[in-house]
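Lettering follows sequence order; numbering is per chain, from 1.
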2 protein chains.
Amino acid sequence: MERKTLKDIAKDLNLSISTVSKSLSDSYEISDATKKLVQDYAKKHNYVPNKVARNLKTGKTNTIGVIVFNISNTFISQVLNGIHIASHEQKYDIIIMQSRDDIEQERNAIEVLRMRGIDGLLISPVAHNSNVELLRDLQQAGIPVVLFDRVQHPLQTHKVGTDNQAAAYEATKHLLDQGRKHILHITAKNIGITEERLNGFKKCLMDHNLPFDPKLYLECDYGKHNEIENSIKNHIQSMREKHIPIDAILGATDDITTLSLGVLATLGIACPEEIAVIGFSNIHIPNSLNPALSTVVQPTVEMGKIGVEKLLQLIHAKYPVEEFENIKLKSHIIARKST
Amino acid sequence: MERKTLKDIAKDLNLSISTVSKSLSDSYEISDATKKLVQDYAKKHNYVPNKVARNLKTGKTNTIGVIVFNISNTFISQVLNGIHIASHEQKYDIIIMQSRDDIEQERNAIEVLRMRGIDGLLISPVAHNSNVELLRDLQQAGIPVVLFDRVQHPLQTHKVGTDNQAAAYEATKHLLDQGRKHILHITAKNIGITEERLNGFKKCLMDHNLPFDPKLYLECDYGKHNEIENSIKNHIQSMREKHIPIDAILGATDDITTLSLGVLATLGIACPEEIAVIGFSNIHIPNSLNPALSTVVQPTVEMGKIGVEKLLQLIHAKYPVEEFENIKLKSHIIARKST
DNA sequence: TTGTACGCGTTATCAG
DNA sequence: CTGATAACGCGTACAA
């Protein structure tokens, strides 16, 4: 059962290719009789239009590229879900690439996508100004780019992130309200968003007349889980040995926050009695954690959907867009047992 | 900065299109001088070949389609990771679609992918024989299909799964070895793999001269997390009320297993003292769970890689393949604190 | 060694 | 209302 083309149908029906084409696109210039004839015949032989050819003709691919650091990260996979839903709704396909938090791989991903042909790009960049020129090239070539999640990046375009500073501020305040005084803030190196979170943390301390103590601050390399786990463990152990007081942890990312719980359990430190934990996390099983985790939840699916929406706006824009939006979604805190 | 085509370069350099084309593909029929001239010029103006046109010409899309039930499922996202790595290595792009465990959406996904043009399909089907005819059509049309994970499906093709029966057998044995006698097996409805797991469970019981008790068996609808959570909770509560003994849980899927922990915590049932828990789970933070979870770990990334490998074999096969492999990967148990 | 011409499957324009 | 014809950008047999 080979694939039928317009040409085949035309021959079978003794019609011209263009008549067939027009019939299938329900053109007003074709008589109802012929339309019906063609459409029925096409359905019967389950004709499928060749999108590749169509794309060649129209110059559009109906595909948007997506670059993230890691597909299987909890947070990212939820955003991808949102991207997926929204783009599918608009009849756009998506091609996902991973940068693995490596500038070179990000560069490669951008090049591959460009080569392959996409109508637009949705990216959560590796670092503050990773591959700026390349992305600008893309824009110049008429392929719009929208940034999401990690929006601390100089590229001029729409950006969809969360209000990280406010969220961190709120989480810190939550801990302080519970009477915690020595909060260890654990964050990741070289990711723009964590800087904002740090700022929110500092600001909240300041507003409560508390000093920011560098000893109560840890930056992890953001890589494998057991590396993160180890640096957290080492840090906490060393604090204990030096008798530096600590009664709470504020985690800046999903992995950091959830892994912290494991570290405390392993070290036999009671949570929340000795050390409370709260942090950014969109984990789907908060109640199965030890203990049920208090989280700063980000609107991941919404972020993905809005990203697609903004990108499509740019793709469909008739004139070059000059004014860009910097959208900051609201996170919210859910207090469970860990605080 | 518009996009250059072969034609543009040819005009700029006063050469014919084919000369330029051949130069760029490093053809032996072109003089080194011209080649260099063209290549340098192309690089300078960063010429990017239009893959769409190339695909139209060659009839290949260099894309493989992937259909899974949910991108953001822990297990699936790890398999996707493997698929991603392997396909990227082979210069293939992937397009991911979600069936959301709905036969209609699966049908739609298959049709969209076919329409869009793919060279092959990797699918974890919704149910025992969902969309068989459609998939056969695909194969007939020269687009090979490979099944992964849920391989209990009549389609004749390569299949890559895990040895579910053996894994469930081992996990059950592990519980029995620990002295547990009343094991509740919780599984999902209508998924082929869970049947095999159930069989492994039953077989192990039988081998130990224990009866299979339907009261110690629960089938959940496999949907939203809180629905699964509720049915588990209700079942356990009802068992307690009826004084049906239970001292262990064997979870058949990632979500079921991890959510069970949350249910026990919520109900205030001590794990593992009162009820031990083990189950299929590739959760990345086993130590953060309450308590550290004993798991049956599947080789997810490997499964993805092998799936791609097998699919590419079919895509590149010169002659129709008649003999298909049914690959069963080995899982392994990691005992932590929950058993 | 280089160039010409055609076809891949579609859509769009224009003529009949 | 229908049909012929020209593109879209690339690869390739064939001619020069």
Side-chain angles (χ1 to χ4, degrees), chain A residues 1-39 41-42 45-63 91 93 114-119 141-143, chain B residues 2-39 41-42 45-63 91 114-119 141-143:
Chain A
M1 194 224 287
E2 277 308 302
R3 205 168 174 176
K4 289 252 177 203
T5 69
L6 285 187
K7 197 200 268 181
D8 297 332
I9 300 184
K11 196 163 50 180
D12 296 354
L13 260 44
N14 276 318
L15 289 171
S16 78
I17 297 185
S18 38
T19 304
V20 176
S21 170
K22 284 172 186 166
S23 301
L24 290 174
S25 56
D26 219 27
S27 164
Y28 63 95
E29 5 175 21
I30 303 291
S31 74
D32 289 348
T34 348
K35 264 195 222 171
K36 183 150 173 32
L37 177 72
V38 174
Q39 288 171 359
Y41 188 85
H45 293 264
N46 53 54
Y47 161 77
V48 182
N50 184 327
K51 249 197 178 179
V52 177
R54 175 184 290 161
N55 291 341
L56 176 60
K57 181 65 189 174
T58 60
K60 288 285 168 189
T61 60
N62 263 273
T63 303
K91 307 287 180 201
D93 295 331
R114 176 170 191 177
M115 173 110 78
R116 149 135 215 147
I118 51 174
D119 294 348
I143 301 175
Chain B
E2 276 308 303
R3 203 167 179 179
K4 289 251 177 204
T5 70
L6 284 188
K7 195 200 267 179
D8 297 332
I9 301 185
K11 195 163 51 182
D12 295 354
L13 259 42
N14 275 319
L15 289 171
S16 79
I17 296 184
S18 51
T19 305
V20 176
S21 169
K22 286 172 184 167
S23 301
L24 289 175
S25 55
D26 219 25
S27 163
Y28 63 96
E29 10 176 13
I30 302 291
S31 74
D32 289 347
T34 342
K35 263 193 221 170
K36 184 154 173 32
L37 177 71
V38 175
Q39 288 171 0
Y41 188 85
H45 293 265
N46 55 53
Y47 162 76
V48 181
N50 183 327
K51 250 196 177 180
V52 177
R54 176 184 289 162
N55 291 342
L56 177 59
K57 180 66 191 172
T58 61
K60 288 286 167 190
T61 59
N62 263 273
T63 303
K91 308 287 180 200
R114 173 168 196 181
M115 172 110 77
R116 140 128 225 155
I118 51 175
D119 294 346
I143 302 174

5' precedence on DNA chain C between Asp32(B) and Ala53(A) (nearest-nucleotide basis) = Asp32(B)

Starting at CG of Leu24(B) and ending at P of dG11(D), how long is that distance when rounded to a whole Å?
-> 9 Å

Test Ser25(A) against Ser27(A) for side-chain hydrogen bond (donor to acceptor under 3.5 Å, both in side chains), laying out the working first.
-> CA-CA 6 Å; Ser25(A) 56; Ser27(A) 164; 5.7 Å; no

Just wondering, do Lys51(A) and Asp93(A) contact through their side chains at under 4.5 Å, heavy atoms?
-> yes

Take the protein atom OH of Tyr47(B) and the nucleotide atom C1' of dG11(D), then report the distance between them rounded to whole Å.
-> 11 Å

Can you find a heavy atom in the side chain of Gln39(B) that is under 4.5 Å from one in the side chain of Asp26(B)?
-> yes

Under 4.0 Å between a side-chain N or O of Lys7(B) and OP1 or OP2 of dC8(D)?
-> yes

Short side-chain N/O contact from Thr19(B) to OP1 or OP2 of dT1(C), under 4.0 Å | no

Candidate nucleotides dG3(D), dG9(D), dT4(C), ranked by approach to the side chain of Thr5(B) - the nearest | dG9(D)

Using a 4.5 Å cut-off on heavy atoms from C-beta on, say whether the side chain of Val38(A) contacts that of Thr19(A).
-> no

Is there a donor and acceptor pair, one atom on the side chain of Lys57(A) and one on the base of dA12(C), closer than 3.5 Å?
-> no

Give a yes/no on whether any side-chain N or O of Tyr28(A) is located under 4.0 angstrom from OP1 or OP2 of dT2(D).
-> no

Within the pair Ser21(A) and dT11(C), is there a side-chain N or O less than 4.0 Å away from OP1 or OP2?
-> yes

Atom pair distance, as rounded to whole Å: NZ in Lys11(A) and P in dG3(D) | 16 Å

When all nucleic acid strands are considered with a 4.0 Å heavy-atom cut-off, which category describes Ile17(B): base, sugar-phosphate, or nothing?
-> nothing

In whole angstroms, the gap separating P of dG11(D) from CD1 of Ile30(B) amounts to 13 Å

Taking Thr58(B) for its side chain and Arg54(B) for its backbone only, find out whether a donor-acceptor pair lies under 3.5 Å.
-> yes

To the nearest angstrom, how far is Lys60(A) atom NZ from dG9(D) atom P?
-> 13 Å

Using only heavy-atom distances, decide whether a donor-acceptor pair under 3.5 angstrom links the side-chain of Ser18(A) to the base of dA4(D).
-> yes

With heavy atoms under 4.0 Å as the rule, sort Leu6(B) into base, sugar-phosphate or nothing.
-> sugar-phosphate

Here the distance between atom C1' of dG11(D) and atom CD of Glu29(B), to the nearest Å, is 11 Å

Lys22(B) vs Ser27(A), nearer the 5' end of DNA chain D by closest nucleotide | Ser27(A)

Do Leu24(A) and Tyr47(A) touch side chain to side chain, with heavy atoms closer than 4.5 Å?
-> yes

Does Arg54(B) make a side-chain N or O approach to OP1 or OP2 of dG11(D) shorter than 4.0 Å?
-> yes

Whole-Å distance, Lys4(A) NZ to dC8(C) C1', equals 18 Å

Name the nucleic acid region contacted by Ser31(B), choosing base, sugar-phosphate or nothing; use a 4.0 angstrom heavy-atom cut-off, strictly under.
-> sugar-phosphate

Could you check whether Thr34(B) gets within reach of a base, just the sugar-phosphate, or nothing at all, counting any heavy atom under 4.0 Å?
-> sugar-phosphate

May I have the distance from Asp8(A) (atom CG) to dG9(C) (atom C1'), rounded to whole angstrom?
-> 10 Å

